[in-house]
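Worksheet: the structure to be examined is printed underneath.
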Amino acid sequence: MESREQKESRMHIITSCDDGLAPYVTVGMTALGIAMKKTPVTFYLFHTRVSQKNIEMLQALSEEFENLDFREIRVPEPERYDALARYGGGWHGEAYYALCAHQLLPETVHRAMYLDAGDTLVVGDIRPYYNYNFQDKALVVTGVKYKDVNGSLELYTSDDLGNRDELPGILWGLFNSGSYVINLDRMRQDGFTMNDYEYLCQVLQKMCGENTERIYLGDQGLLSVAFAGNLRYYAYPRVKSANYMPYNFCLWHFGRMKEKPEYQPAVIHFAGTEFKPWEGSYPVFLERFQQQGKLRSLHGLKLGQAEYFYMWHEYAMLADRMLTRIGW
């Protein structure tokens, strides 16, 4: 049995996916196990459509790391999340499963960090982000959008939701949802349920037009509207820059900048690339993770992105070797 001190030092990480993405979770789990090898981590998979075979594979891989404890959580009423996804621009309902993490996780868990399945890699110490002071906000996030107030970059508030000029930008997303930390206690205190998100979606439908196919940009757009003014941007106001992303380093950085960031990213997010890392053509083909007919030349990437693709491939090779060794 863990002591109170051990419980407080334990990290709780969430991801969610369908069966197609489940194999790629092994790559992210391998990177996480290595990067946080001195920290106990409970790794939760929220799902409804992941096969028992893949669940057993993830469980077996987690047991190869002394610090990882794998848990699966089957999400009830998945059709309600699918309904939210209908207006989110193409992502499946699984992308929204973390919205009610406070109801799905044990009440003894006070905070949890969400990571996109498949296309995120933890490659450094994430404790500064994970343990960042919520200051009573619902989420700690990597901010990507600020409000220009007389030349000063300020945060959006709930009052901005009534401004039709500002609302489209908020619906696109005030932060990137590749990784964020959830204040589970605050969410429980406020009593958020799926009813609240469904009601919000209905209001947005009326505002944007009943026949609008895409209202918000995935979970980050919906969460941005739901929690405008209730978000803690990491490092703000010390840093006011959409390019500061140490714990959610989106590779669209290289669409804006030619140079590598001055900071060392701890979480790599393969967002803003022409294709996902498992579709890249590397010197070593990994049958477990790749399909020959879908391979793309890394020359099609923007300058600076390929380095991180090779990083993914190294973790994928390691995950493949570990899984093969233990009979998967």
Side-chain angles (χ1 to χ4, degrees), residues 1-17 22 24-47 50 54-75 97-98 100-118 120-134 139-142 178-188 232 234 246-249 264-269 311 314-316 318-319 321-323 325-326 328:
M1 185 176 235
E2 289 182 321
S3 67
R4 179 178 178 181
E5 183 177 341
Q6 287 172 319
K7 287 180 180 178
E8 291 176 348
S9 66
R10 175 172 290 275
M11 301 181 71
H12 299 271
I13 305 295
I14 303 167
T15 197
S16 55
C17 69
Y24 305 119
V25 173
T26 63
V27 182
M29 184 183 288
T30 298
L32 176 65
I34 293 171
M36 303 304 299
K37 61 184 178 182
K38 294 183 179 180
T39 303
V41 176
T42 303
F43 187 89
Y44 300 91
L45 174 67
F46 289 180
H47 76 98
V50 177
N54 278 334
I55 293 294
E56 292 174 0
M57 177 180 64
L58 291 167
Q59 178 66 55
L61 180 64
S62 72
E63 292 173 0
E64 294 299 296
F65 295 91
E66 293 184 0
N67 60 320
L68 293 187
D69 177 21
F70 174 77
R71 307 280 181 89
E72 62 158 323
I73 293 183
R74 293 182 178 271
V75 176
Y97 283 178
C100 288
H102 56 291
Q103 294 179 306
L104 298 171
L105 294 174
E107 290 193 3
T108 53
V109 180
H110 306 292
R111 66 172 66 211
M113 180 173 167
Y114 174 81
L115 288 170
D116 265 357
T120 57
L121 282 180
V122 175
V123 297
D125 186 1
I126 56 176
R127 287 176 298 179
Y129 189 58
Y130 182 88
N131 292 314
Y132 201 58
N133 192 327
F134 286 115
L139 305 174
V140 166
V141 301
T142 295
S179 78
Y180 56 92
V181 186
I182 309 169
N183 186 347
L184 300 170
D185 288 338
R186 174 67 190 272
M187 299 285 272
R188 293 174 184 129
R232 179 98 200 270
Y234 180 78
Y247 300 101
N248 190 0
F249 181 61
Q264 186 65 37
V267 179
I268 309 301
H269 185 191
M311 185 184 298
E314 290 177 5
Y315 284 111
L318 182 55
R321 287 198 298 269
M322 294 178 69
L323 287 167
R325 180 169 55 80
I326 61 178
W328 287 89

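Every heavy atom of this structure was used, including side-chain atoms; hydrogens, water molecules and symmetry mates were not.
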*asked:* Return the CD1 to CG distance between I14 and L104, rounded to the nearest 0.5 Å.
replied: 8.0 Å
_Could you go through Y180 and N248, starting from their C-alpha distance and side-chain angles, then the distance that decides it, and tell me whether this counts as side-chain contact (heavy atoms from CB on, under 4.5 Å)?_
CA-CA 8 Å; Y180 56 92; N248 190 0; over 6 Å; no
*Can you check whether H269's main-chain N or O pairs, donor with acceptor, with D116's side chain at less than 3.5 Å?*
no
*Would you check if M11 and I126 make a side-chain contact, meaning some heavy-atom pair closer than 4.5 Å?*
yes
*With side chains defined as the heavy atoms from C-beta onward, is the minimum distance between I34 and L318 less than 4.5 Å?*
yes
_So, taking the atom named CE in M322 and the one named CD in E63, what distance separates them when rounded to the nearest 0.5 Å?_
11.0 Å
*Closest non-hydrogen atom pair between A319 and V27, with its separation*: CB-CA, 4.3 Å
*asked:* As an exercise, state the distance from CG of N54 to CE of M57, rounded to the nearest 0.5 Å.
replied: 4.0 Å
*asked:* Show the nearest heavy-atom pair for residues L121 and G28, with the distance to one decimal.
replied: CD2-CA, 4.2 Å
*Report the distance from atom CD1 of I73 to atom CD of Q103, rounding to the nearest 0.5 Å.*
12.0 Å
*Residues T42 and R10: side-chain donor-acceptor under 3.5 angstrom*: yes
*So does R188 have more than 12 non-hydrogen atoms from other groups sitting under 6.0 Å from CZ?*
yes
*Heavy atoms only: give me the nearest I182-A101 pair and the separation to one decimal.*
CD1-CB, 4.0 Å
_Heavy-atom side-chain proximity of L45 to I55 below 4.5 angstrom_ = yes
*Quick one: does R74's side chain have a donor or acceptor within less than 3.5 Å of a partner on F46's backbone?*
no
*Could you give me the CA-CA distance, side-chain angles and deciding distance for V25 and C17, then say whether side-chain contact (heavy atoms from CB on, under 4.5 Å) is met?*
CA-CA 9 Å; V25 173; C17 69; 3.9 Å; yes
*Partners of Y247 by ring-ring contact (aromatic ring centres under 6.0 Å, His included), sequence neighbours excluded?*
Y129, Y234
*Which of these, R71, H12, E72, sits in a side chain to side chain donor-acceptor pair (under 3.5 Å) with Y44?*
H12
*Would you please test R111 and Y130 for side-chain hydrogen bond (donor to acceptor under 3.5 Å, both in side chains) and show each step?*
CA-CA 8 Å; R111 66 172 66 211; Y130 182 88; 5.7 Å; no
*Please report the C-alpha distance between V123 and V267 in whole Å, then the side-chain angles of each, then the deciding distance to 0.1 Å, and finally whether the side-chain contact (heavy atoms from CB on, under 4.5 Å) criterion is met.*
CA-CA 6 Å; V123 297; V267 179; over 6 Å; no
*State the CD-CZ distance between E56 and F70, to the nearest 0.5 angstrom.*
10.5 Å
*Determine the minimum heavy-atom distance between G33 and N67, stating which atoms define it.*
O-ND2, 3.4 Å
*Given the rule in the side-chain contact (heavy atoms from CB on, under 4.5 Å) test, do V122 and I268 qualify, once you have shown the distances and angles that lead to the verdict?*
CA-CA 6 Å; V122 175; I268 309 301; over 6 Å; no
_Where A266 and D125 come nearest, the two heavy atoms and their spacing_ = CB-O, 3.8 Å
*To the nearest 0.5 Å, tell me how far F65 CZ sits from F43 CZ.*
11.0 Å
*Under the 3.5 angstrom rule, does the side chain of S16 hit a backbone N or O of H47 as a donor-acceptor pair?*
no
*Where at least one partner belongs to residues 31-40, residue pairs that pass side-chain hydrogen bond (donor to acceptor under 3.5 Å, both in side chains), sequence neighbours excluded*: none
*Partner residues of Q264 under the side chain to side chain donor-acceptor pair (under 3.5 Å) criterion, sequence neighbours left out*: none
*Are side-chain heavy atoms of L139 and N183 found at a separation under 4.5 Å?*
no
*Does T15 use its side chain to pair, donor to acceptor, with the backbone of L115 at less than 3.5 Å?*
yes
*Specify the closest pair of heavy atoms between A98 and Y114, including all atoms of both residues, with the distance to one decimal.*
CB-CD1, 3.6 Å
